[in-house]
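So the structure is just underneath, and the comments pick up after that.
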Amino acid sequence: MVKICCIGAGYVGGPTMAVIALKCPSVEVVVVDIWDKRIAAWNSDQLPIYEPGLDDVVKQCRGKNLFFSTDVKKHVKEADIVFVSVNTPTKTTGLGAGKAADLTYWESAARMIADVSDSSKVVVEKSTVPVKTAEAIEKILTHNGKGIKFQILSNPEFLAEGTAIEDLFKPDRVLIGGRETAEGQKAIKALRDIYSQWVPEDRILTTNLWSAELSKLAANAFLAQRISSVNAMSALCEATGANVTQVSHAVGKDSRIGPKFLNASVGFGGSCFQKDILNLVYICECNGLPEVAEYWKQVVKINEYQKSRFVNRVVASMFNTVSTKKIAILGFAFKKDTGDTRETPAIDVCKGLLVDKAELSIYDPQVTEDQIRRDLTMRKFDWDHPMHLQPISSSSTLEQVSVVSDTYEATKGAHGICILTEWDEFKTLDYNKIYENMQKPAFIFDGRHVIDVDKLREIGFIVFAIGKPLDAWLKDMPAVA
């Protein structure tokens with residue numbers, strides 16, 4: 001029986017290994033992590049992450065050929081293939097601070113693998129890492145491995161949260177990068193044989209190590225670029241009276257462009273886009289390509305601009321102040337069907353409103369109050385360390401913030417509403433009831449194209465929707481970004 005061990009029980013490691021276990025019943029899969037609370041959650045009825053379909057997959061396999069354990073060294077030692085899916089946060093100090101990836105956890109994992117191994121292993125990069133990381137890991141393993149042979153593969157994930165299980169069941173592609181040697185090709189085949197048990201052969205791509213590592217960064221950069229492009233257009237649409245939904249639909253009908261990732265919004269979030277682009281910027285700078293670095297830096301700059309533009313629109317529309325005004329925040333996760341808040345635009349929007357002394361009432365169906373408060377007090381980039389290693393802010397409470405259990409409580413007595421996540425339930429709310437219970441004039445700021453703008457204006461709301469033509473009130477009270 002082939003034995004797989006995955007170091008890291010987070011958003012990537014847990015779901016990926018669960019699906020491998022389901023699709024490969026003859027393979028033993030063990031997911032390990034030093035954080036005992038996370039492993040306990042994986043072994044309970046309340047999994048540590050929310051992902052549609054994940055519960056069913058885990059329950060079918062757990063205790064049969066899927067296991068979760070804190071005994072890291074034991075299972076790494078016994079494994080034939082070791083996936084490494086640990087955090088690669090952005091450095092906050094030292095060389096490359098604010099851009100470069102911090103490989104502390106990766107290096108620690110590599111040294112541990114070398115220390116406990118007494119047989120040859122295939123080590124698989126599952127975390128998103130800078131180009132040439134595999135070379136550094138090889139050196140650590142080779143010089144500390146007591147003569148044991150290790151082969152390094154790059155197998156980046158291309159999952160979208162909210163559809164991760166479906167993405168794993170029917171991936172666009174599985175990418176495996178390895179050395180162009182006999183041993184490297186043998187290792188590629190070993191991993192390919194795992195995936196080929198459910199993934200069509202023509203969707204399993206093989207490359208050299210460096211191409212696989214760079215492909216992950218490139219894919220995320222290209223996707224984020226599309227979002228920043230349509231968001232830049234949304235600002236122009238508001239200024240000219242064009243409708244960004246109509247513009248993006250027309251553009252997306254071009255077969256060379258296509259319709260995906262052309263939805264204007266308050267900004268992109270998630271654990272990958274900004275971090276990977278900043279990493280790409282740093283790599284370009286280190287390789288003497290300042291013009292290329294500047295190009296990708298602009299993608300992040302537009303994303304920051306979109307969030308600040310949204311905040312400025314809220315404040316300007318409400319008589320240029322939101323001080324002591326109740327603002328309902330509908331949605332805190334970075335997108336629907338996930339409880340993930342990493343780099344969610346809601347953080348910066350909320351912080352911007354809090355600076356102007358707004359009173360925030362926040363509702364999200366999947367994000368806990370504890371997580372929301374942590375996010376609003378955490379320093380930038382600290383979120384990407386394992387939770388038990390994240391700095392604890394001295395400001396554990398926010399007097400201006402309340403987290404509530406439903407939309408109607410959040411909006412009762414509010415001066416304005418900001419929709420920051422596109423949860424389906426926000427499309428079917430009783431907006432007549434909400435309007436009646438709000439302060440007047442009642443404002444709604446749609447950052448996710450959730451609402452029917454015309455219907456809400458008929459009810460009496462003053463409505464701002466990203467990239468949509470402005471009503472007279474908003475034209476009279478322009479926002480300066």
Side-chain angles (χ1 to χ4, degrees), residues 8 10-13 84-110 124-138 140 152-161 175 177 207-228 261 267-304 334 340 342-345 347-348 378-386 389-390:
Y11 278 90
V12 174
V84 183
S85 185
V86 297
N87 298 63
T88 53
T90 302
K91 291 184 71 174
T92 54
T93 58
L95 186 65
K99 290 178 287 190
D102 183 348
L103 298 179
T104 300
Y105 303 118
W106 235 110
E107 182 176 339
S108 176
V124 183
E125 293 177 340
K126 201 65 186 168
S127 310
T128 301
V129 294
V131 183
K132 294 287 186 177
T133 297
E135 192 169 59
I137 301 306
E138 273 183 336
I140 292 171
I152 314 298
L153 299 179
S154 175
N155 176 220
E157 54 85 15
F158 298 102
L159 306 179
E161 288 186 49
L175 182 58
T207 67
N208 68 34
L209 270 171
W210 326 130
S211 294
E213 288 179 334
L214 185 56
S215 292
K216 169 62 176 179
L217 297 181
N220 280 342
F222 277 46
L223 292 173
Q225 176 199 52
R226 286 173 68 94
I227 297 172
S228 283
F261 281 77
F268 60 70
S271 62
C272 293
F273 282 178
Q274 178 168 289
K275 182 177 76 169
D276 288 356
I277 295 169
L278 292 173
N279 191 356
L280 190 61
V281 167
Y282 182 68
I283 292 168
C284 291
E285 290 174 345
C286 290
N287 282 279
L289 300 169
E291 292 82 4
V292 180
E294 197 60 35
Y295 173 82
W296 289 112
K297 200 181 295 183
Q298 192 65 28
V299 173
V300 175
K301 187 175 181 180
I302 287 291
N303 195 52
E304 296 301 309
F334 85 92
D340 195 354
R342 293 176 292 179
E343 291 289 357
T344 176
I347 294 173
D348 287 331
M378 203 178 297
R379 296 176 305 174
K380 195 168 182 64
F381 302 126
D382 280 347
W383 59 267
D384 202 19
H385 294 272
L389 298 177
Q390 289 173 2

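Quick note: numbers below take in every heavy atom, side chains included, and nothing from hydrogens, waters or symmetry partners.
The OG1 atom of Thr344 lies 12.0 Å from the CZ atom of Arg342; values are rounded to the nearest 0.5 Å. Taking CD1 of Ile277 as the start and CG of Leu280 as the end, the distance is 8.0 Å to the nearest 0.5 Å. Between Tyr105 atom OH and Asn87 atom CG the span is 6.5 Å, to the nearest 0.5 Å. Expressed to the nearest 0.5 Å, how far CG of Leu217 lies from SG of Cys284 amounts to 9.5 Å. Rounding to the nearest 0.5 Å places CG of Asp276 at 8.0 Å from OG of Ser271. The line from CZ of Phe268 to CD of Glu343 is 9.0 Å long, rounded to the nearest 0.5 Å.
Of all heavy-atom pairs spanning Lys126 and Pro156, the tightest one is NZ-O, 4.0 Å. Residues Ser228 and Val299 share a closest heavy-atom pair of OG-O, 2.7 Å. Heavy-atom minimum distance, Thr90 versus Gly98: CG2-C, 3.5 Å. Between Tyr282 and Gly96, the shortest heavy-atom distance links the atoms CE1-CA, 3.5 Å. Closest non-hydrogen pair, Ala109 versus Val84, comes out as CB-CG1, 4.0 Å. Residue Leu175 comes nearest to Ala212 through the heavy atom pair CD2-CA, 3.8 Å, listed as atom of the first residue, atom of the second, then distance.
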Stepwise salt bridge (charged side-chain N to carboxylate O under 4.0 Å, His left out) test for Lys99 and Glu285: CA-CA 10 Å; Lys99 290 178 287 190; Glu285 290 174 345; 2.7 Å; yes

Could you please spell out the steps behind the side-chain contact (heavy atoms from CB on, under 4.5 Å) verdict for Asn220 and Lys275? CA-CA 10 Å; Asn220 280 342; Lys275 182 177 76 169; over 6 Å; no

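Under the 4.5 Å side-chain criterion, counting only non-hydrogen atoms from C-beta, Glu161 is not in contact with Cys272. Side-chain contact between Ile227 and Phe273 is present, with at least one heavy-atom pair separated by less than 4.5 Å. For the pair Asn279/Ile283, a side-chain contact is recorded, criterion being any heavy-atom separation below 4.5 Å from C-beta on. Contact check for Ile347 versus Met378: no side-chain heavy atoms found under the 4.5 Å cut-off. Counting heavy atoms from C-beta on, the side chains of Val281 and Val300 never come closer than 4.5 Å.
For Phe222, the ring pair (Phe, Tyr, Trp, His ring centres under 6.0 Å) criterion is met by Trp296, not counting sequence neighbours. Taking the ring pair (Phe, Tyr, Trp, His ring centres under 6.0 Å) definition, one finds that Phe334 meets it with nothing, sequence neighbours left out.
Using a distance-only test at 3.5 Å, with no hydrogens or angles considered, no donor-acceptor pair links the side chain of Lys216 to the main chain of Phe158. Under a 3.5 Å cut-off, the side chain of Lys297 and the backbone N or O of Lys301 do not form any donor-acceptor pair. One N or O on the side chain of Asp102 and one on the backbone of Thr104 form a donor-acceptor pair closer than 3.5 Å.
Judged purely by distance below 3.5 Å, without hydrogens or angles, the side chains of Tyr295 and Gln225 pair a donor atom with an acceptor atom.
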